[in-house]
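To keep things clear, I will list the structure first and then write my remarks on it.
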Amino acid sequence: MTWQFTLTGLLIGVLVGLTGMGGGSLMTPILILLFGFNAKVAVGTDILHGAIFKSFGAARCRQLGTVHARLALWMFLGSGPMSLAGVMVASSLGDGAQKTESYAVGAALVLGGLGLVAKTFIKRGVQPSDAAFLLERRDKVLATTIGAVFGFIVGLTSVGSGTFFGLVMVMIFPLTIPKIVGTDIFHAAALLWVAGLGHLVRGNVDLHAMAWLLVGSVPGILFASKLPLRIPDRPLRLGLAAVLGLSGLKLVHVPEATYVLGIGVVLILVALGWWAFVATRAPRATPARALE
């Protein structure tokens with residue numbers, strides 16, 4: 001089974017390339033629900049794949065100057081060690097505790113869906129500024145604490161590197177949106193490398209699946225990022241939030257969640273397909289003639 005992984009990676013890569021949003025949270029439920037992966041192996045494979053995958057975006061953000069390196073460093077001081085603690089907890093759960101890991105991933109997915117909804121409707125907590133943001137002691141403590149809390153969640157479940165960090169930074173740090181996105185991606189790449197290598201050492205990574213996922217995801221993001229077509233941000237966030245939430249409910253074994261998840265995914269795909277069809281058929285506005 002190889003082309004299925006490549007196709008999955010391609011879809012995730014195209015999604016990220018078209019929207020700039022992290023589709024990594026979708027990978028773990030896909031591996032568990034569609035490919036039947038053990039939850040622990042799905043988490044490890046997703047994290048190491050995300051580390052390689054997001055490194056391309058991190059290098060690009062650094063090149064564009066949209067990374068607040070000091071803030072990323074202080075968050076990493078908390079998230080790096082605590083992500084390894086999450087890896088250790090996940091690895092300590094034997095095969096008999098598969099249900100426990102599934103519940104943990106499911107709960108994180110539900111929270112991730114709620115986080116996406118919050119990011120959709122919450123504009124700002126602190127007003128952004130283009131001025132240089134100099135970290136004070138309070139900012140360093142907050143950054144390290146944020147990293148520790150959500151780093152543990154990422155190491156345990158693979159969920160949160162692209163949702164929780166960005167949401168919290170929007171609320172408490174006076175950075176512009178491009179700086180928040182760039183810092184989030186840069187920090188997430190470093191965090192996922194630590195957690196991913198931890199899972200690799202623990203034997204929680206399916207290298208065959210990860211390699212074929214990368215065969216699709218890397219060309220997907222490089223190709224889609226150059227396309228002029230862009231999916232509206234708010235509907236997409238709400239659609240992804242619905243998929244994450246429904247996937248989480250499925251993993252915590254809510255009754256009839258399978259049928260609800262299937263119907264929800266179909267409706268979202270139909271809506272996005274219809275939007276893409278209408279967008280490509282819409283006549284382009286002709287530029288007004290310059291006055292002579």
Closest heavy-atom contact between [X] and [Y]?
X    : Y    : answer
N204 : S91  : ND2-OG, 2.9 Å
G147 : F165 : CA-CE2, 3.7 Å
V43  : G155 : CG1-O, 4.2 Å
L192 : I47  : O-CG2, 3.5 Å
S83  : G80  : OG-O, 2.7 Å
A51  : W193 : O-NE1, 3.4 Å

Gap between atom [atom2] of [Y] and atom [atom1] of [X] - 0.5 Å precision:
X    : Y    : atom1 : atom2 : value
L142 : K140 : CG    : NZ    : 12.5 Å
I185 : S55  : CD1   : OG    : 11.5 Å
I12  : M27  : CD1   : CE    : 4.5 Å
L213 : D46  : CG    : CG    : 8.5 Å
D139 : L134 : CG    : CG    : 9.5 Å
L175 : D184 : CG    : CG    : 11.0 Å

Does [X] reach the side chain of [Y], with side-chain heavy atoms less than 4.5 Å apart?
X    : Y    : answer
V205 : V41  : no
F5   : L31  : yes
V194 : V87  : no
F150 : L191 : no

Would you find a donor on one side and an acceptor on the other, under 3.5 Å apart, between the side chain of [X] and the backbone of [Y]?
X    : Y    : value
T45  : D206 : yes
T66  : C61  : yes
T183 : H68  : yes

Measure the acute angle between the ring planes of [X] and [Y], then classify it against the limits of 30° and 60° as parallel, tilted or perpendicular.
X    : Y    : value
F76  : H187 : perpendicular
F173 : F133 : tilted
H49  : F53  : parallel

Derivation of the side-chain contact (heavy atoms from CB on, under 4.5 Å) call for M88 and R202: CA-CA 8 Å; M88 291 178 62; R202 293 278 182 167; 3.6 Å; yes
Single-linkage hydrophobic cluster, 4.5 Å side-chain cutoff, F37 and I30 together: yes
Test side-chain contact (heavy atoms from CB on, under 4.5 Å) applied to L71 and M169, step by step: CA-CA 10 Å; L71 177 57; M169 281 195 290; 3.9 Å; yes
By side-chain hydrogen bond (donor to acceptor under 3.5 Å, both in side chains) - contacts of T6 (at least two apart): none
